[in-house]
> 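This structure is in structure tokens; I'll ask about it shortly.
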Amino acid sequence: MLEVKNIKANKDAYCEALKKRNFDAKEIFDDILRLDEERRSTQVQLDEILSQSNNLSKQIGQLFKEGETEKANQLKEKTTQLKDDSKVLSQQMSEISEDLQELLYQVPNVPHDSVPAGQDEEDNVEIFKEGKVPELSKKALPHWELAKKYDLIDFELGNKITGAGFPVFKGKGARLQRALISYFLDKNTEAGYSELQVPLLVNEESGYGTGQLPDKEGQMYHVTGDDLYLIPTSEVPLTNIYRNDLLEEKKLPIQMTTYTPCFRREAGSYGAHVRGLNRLHQFDKVELVNVVKPENSYKVLDEMVEHVKGILKELKLPYRILRLCGGDLGFTSALTYDFELYSTAQERWLEISSVSNFETFQANRLKIRYKNKDKKKELVHTLNGSSLALPRVIAGLLENCQTDEGIKIPEVLVPYTGFEWIK
RNA sequence: GGAGAGAUGGCAGAGUGGUAAUGCAGCAGAUUGCUAAUCUGUCAACGCGAAAGUGUUGCCAGGGUUCGAGUCCCUGUCUCUCCGCCA
């Protein structure tokens with residue numbers, strides 16, 4: 001959620017920047033500023049009336065004490081009008097605030113200067129590429145075939161237990177996944193992140209805090225019996241840890257990492273591109289969240305990108321980094337880099353990580369602030385990134401590391417898996 | 001799941017209808033010849049004001065009664081104790 005005072009100060013610049021997202025903000029900004037004016041003038045009137053009514057109450061109390069019942073009763077009559085007025089005004093006040101809130105929720109984050117204009121993923125800009133795409137033999141298989149051949153993942157079994165998109169990992173497949181989780185968490189804690197374990201179910205308030213609600217309600221599994229939501233990403237519980245907090249400056253930066261399963265309904269996405277591990281209803285992910293001072297956020301964003309690069313480099317997997325264009329940028333993000341792993345057998349790129357700076361957009365909704373040097377309260381910047389989404393890393397790993405003899409496990413993982421080959 | 005008790009500022013803790021004591025911590029200022037003491041000020045949100053200031057709101061949340069609610073009534077949430085169940 002954008003801050004009204006910033007919209008006021010930078011209206012034209014924001015409008016221009018939002019065009020990169022193909023979002024026409026002019027009208028909605030006018031409405032927001034108008035409602036903000038209304039809200040303030042209404043508050044002035046309301047405060048005045050309440051002030052009078054408080055004064056009268058005090059007088060009445062005093063008169064009763066002194067036994068001047070008649071005078072007190074006279075004053076009581078005067079409060080009736082004030083009461084009616086204040087009811088009307090406070091009703092107006094809450095309507096205006098609600099309308100204002102609703103409009104603010106509709107405006108996406110203002111893209112960073114470096115974000116290219118564009119319609120969709122076609123317009124994303126590749127900024128980095130690394131790792132050799134292996135030359136595979138004619139016999140190379142996509143990961144779902146490999147998973148079957150080596151009995152690593154059973155997709156049909158998941159259908160039986162739950163439904164499509166809930167695979168069962170088996171044997172070395174399960175072990176490989178566990179190894180990757182441990183490896184990622186170790187890399188993250190080495191880099192200074194503190195490891196947490198968080199709830200997989202969140203309440204409505206948390207959903208609003210990070211922006212999954214109200215827009216993306218249909219993407220989350222809703223546990224109606226207790227009115228809770230299964231997390232679509234651990235960003236939700238992690239970032240909500242600091243909801244409504246006023247942090248001390250010395251506490252920043254806060255760096256958190258966690259491993260959780262993620263649950264997404266993915267309604268309406270079926271077809272060839274969702275085969276195998278490409279798109280699941282339940283998948284594992286190791287996440288990074290940073291809560292930082294505004295002046296450091298872009299430096300931290302770069303560090304996160306370097307950190308994820310380091311992991312992929314060690315795994316020796318071919319990947320590229322994209323700077324997302326305005327049209328592909330998530331609603332809450334100011335700047336996002338996507339990491340894509342090349343899936344050799346499928347001959348396509350798979351998104352395995354997304355690293356974003358939300359600036360104050362989430363912090364404003366979540367009310368995460370800190371006291372700066374001048375003792376002024378200021379919103380923090382929040383950032384998050386995956387490190388990494390497990391199923392697609394496994395898909396790419398299986399496909400890229402396959403040989404005629406079997407699947408060769410990357411060296412750095414061997415201490416975690418306890419085996420070098422899947423044969 | 002059943003029964004009972006409770007929820008007040010960063011923390012501790014008073015307050016049963018008249019407008020939130022007090023203590024500790026933190027921060028700021030003053031003062032005293034130094035790891036400290038003492039005194040004063042200092043909660044948050046939203047406004048108004050050029051500023052000094054100043055108004056409103058906030059005692060778990062949401063409603064209600066009242067001229068006036070931390071206090072009374074209704075609903076919900078959470079915590080604690082006991083019982084039941086249980087990895």
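Chain identifiers are assigned alphabetically (A, B, ...) following the order of the sequence lines, protein sequences preceding nucleic acid strands; residue numbering begins at 1 within each chain. No hydrogens, no waters, no symmetry mates; every other heavy atom, side chains included, goes into these values.
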> Would you indicate whether the side-chain heavy atoms of A:Leu322 and A:Glu340 approach each other to under 4.5 Å?
yes
> Using the C1' atoms only, state how far B:G84 lies from B:G2, rounded to an integer number of Å.
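Comparing C1' positions in B:G2 and B:G84 gives a spacing of 8 Å.
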> Taking the side chain as C-beta and beyond, is there a heavy-atom pair between A:Ser194 and A:Gln255 under 4.5 Å?
no
> Test of understanding: with ring-ring contact (aromatic ring centres under 6.0 Å, His included), list the residues that count as partners of A:Phe23, not counting sequence neighbours.
none
> What integer number of Å spans the P atoms of B:A12 and B:A7?
13 Å
> Which whole number of Å gives the distance between the P atom of B:C11 and that of B:G26?
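Looking at atom P only, B:C11 and B:G26 are 15 Å apart.
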> Under 3.5 Å for both pairing distances: what stems, at least three Watson-Crick or G-U pairs long, include RNA chain B?
B:1-7 with B:77-83, B:10-12 with B:22-24, B:26-30 with B:38-42, B:43-48 with B:53-58, B:60-64 with B:72-76
> Applying salt bridge (charged side-chain N to carboxylate O under 4.0 Å, His left out), can you list everything that pairs with A:Glu205, at least two apart in sequence or on another chain?
A:Arg243
> Between B:U56 atom C1' and A:Leu46 atom CG, what is the distance in whole Å?
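Value for this atom pair: 7 Å.
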> Taking atom C1' in both B:G41 and B:G33, what distance in whole Å separates the two?
26 Å
> Between B:G70 and B:U19, how far apart are the C1' atoms? Round to whole Å, please.
11 Å
> Using the C1' atom in both, what is the distance from B:U22 to B:A14, to the nearest Å?
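B:U22 and B:A14 have their C1' atoms separated by 7 Å.
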> Would you please name every residue forming a ring-ring contact (aromatic ring centres under 6.0 Å, His included) with A:Tyr229, sequence neighbours left out?
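For A:Tyr229 the ring-ring contact (aromatic ring centres under 6.0 Å, His included) partners, ignoring immediate neighbours, are A:His222.
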> What integer number of Å spans the C1' atoms of B:C80 and B:G23?
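The answer is 25 Å between these two C1' atoms.
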> Please report the distance, rounded to the nearest Å, between CG in A:Asp85 and P in B:U56.
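From A:Asp85 CG to B:U56 P: 17 Å.
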> For A:Asp328, which residues count as a salt bridge (charged side-chain N to carboxylate O under 4.0 Å, His left out) partner, sequence neighbours excluded?
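Per chain and number, A:Asp328 pairs via salt bridge (charged side-chain N to carboxylate O under 4.0 Å, His left out) with no residue.
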> Under the side-chain hydrogen bond (donor to acceptor under 3.5 Å, both in side chains) rule, what pairs show up with a residue in residues 408-423 of chain A, not counting sequence neighbours?
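Every pair satisfying side-chain hydrogen bond (donor to acceptor under 3.5 Å, both in side chains) with a residue in residues 408-423 of chain A: A:Asp186-A:Tyr416.
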> What's the gap between B:G49 and B:U54 when it is taken at their C1' atoms, as a whole Å value?
8 Å
> What does the list of N/O pairs under 3.5 Å between the protein and nucleotides 45-48 of chain B look like, with a distance for each?
{"from": "B:A45", "atom 1": "OP1", "to": "A:Arg369", "atom 2": "NH1", "distance (Å)": "2.7"}
{"from": "B:A45", "atom 1": "OP2", "to": "A:Lys377", "atom 2": "NZ", "distance (Å)": "3.3"}
{"from": "B:C46", "atom 1": "O3'", "to": "A:Arg39", "atom 2": "NH2", "distance (Å)": "2.8"}
{"from": "B:C46", "atom 1": "O2'", "to": "A:Gln43", "atom 2": "OE1", "distance (Å)": "2.5"}
{"from": "B:C46", "atom 1": "O2", "to": "A:Gln43", "atom 2": "NE2", "distance (Å)": "2.7"}
{"from": "B:G47", "atom 1": "OP1", "to": "A:Arg39", "atom 2": "NH2", "distance (Å)": "2.6"}
{"from": "B:G47", "atom 1": "O5'", "to": "A:Arg39", "atom 2": "NH2", "distance (Å)": "3.1"}
{"from": "B:C48", "atom 1": "OP1", "to": "A:Arg40", "atom 2": "NE", "distance (Å)": "3.3"}

> In chain order, what residues pass the salt bridge (charged side-chain N to carboxylate O under 4.0 Å, His left out) check against A:Lys149, with sequence neighbours excluded?
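A:Lys149 satisfies salt bridge (charged side-chain N to carboxylate O under 4.0 Å, His left out) with no other residue.
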> In whole Å, I'd like the distance from the CG atom of A:Asp227 to the P atom of B:C78.
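Checked: the CG to P distance equals 11 Å.
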> A:Lys172: what forms a salt bridge (charged side-chain N to carboxylate O under 4.0 Å, His left out) with it, not counting sequence neighbours?
none
> Set out, line by line, the N/O atom pairs under 3.5 Å between protein and nucleotides 58-67 of chain B.
{"from": "B:C67", "atom 1": "O2'", "to": "A:Ser57", "atom 2": "OG", "distance (Å)": "3.1"}

> Does A:Tyr298 have any ring-ring contact (aromatic ring centres under 6.0 Å, His included) partners at least two apart in sequence or in another chain, and if so, which?
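A:Tyr298 satisfies ring-ring contact (aromatic ring centres under 6.0 Å, His included) with A:His112 once adjacent residues are dropped.
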> Provide, to the nearest angstrom, the distance between the CD atom belonging to A:Gln52 and the C1' atom belonging to B:U57.
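The answer, rounded to whole Å, is 17 Å.
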> Separation of A:Glu249 atom CD from B:G26 atom P, in whole Å?
19 Å
> Indicate yes or no: at least one non-hydrogen side-chain atom of A:Ile231 is less than 4.5 angstrom from one of A:Pro237.
yes
> So what does A:Asn54 hit on the nucleic acid, given a heavy-atom distance under 4.0 Å: a base, only sugar-phosphate, or nothing?
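Touches sugar-phosphate only.
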> For residues 5-15 of chain A, which side-chain donor-acceptor pairs fall under 3.5 Å, sequence neighbours excluded?
{"from": "A:Asn6", "atom 1": "ND2", "to": "A:Glu3", "atom 2": "OE2", "distance (Å)": "3.1"}
{"from": "A:Asn10", "atom 1": "ND2", "to": "A:Asn6", "atom 2": "O", "distance (Å)": "3.1"}
{"from": "A:Lys11", "atom 1": "NZ", "to": "A:Asp30", "atom 2": "OD1", "distance (Å)": "2.6"}

> Over how many whole Å does the gap from A:Lys251 atom NZ to B:G26 atom P extend?
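Rounded to whole Å, this separation is 16 Å.
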> A:Glu48 CD to B:G49 P: how many Å, rounded?
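That distance rounds to 14 Å.
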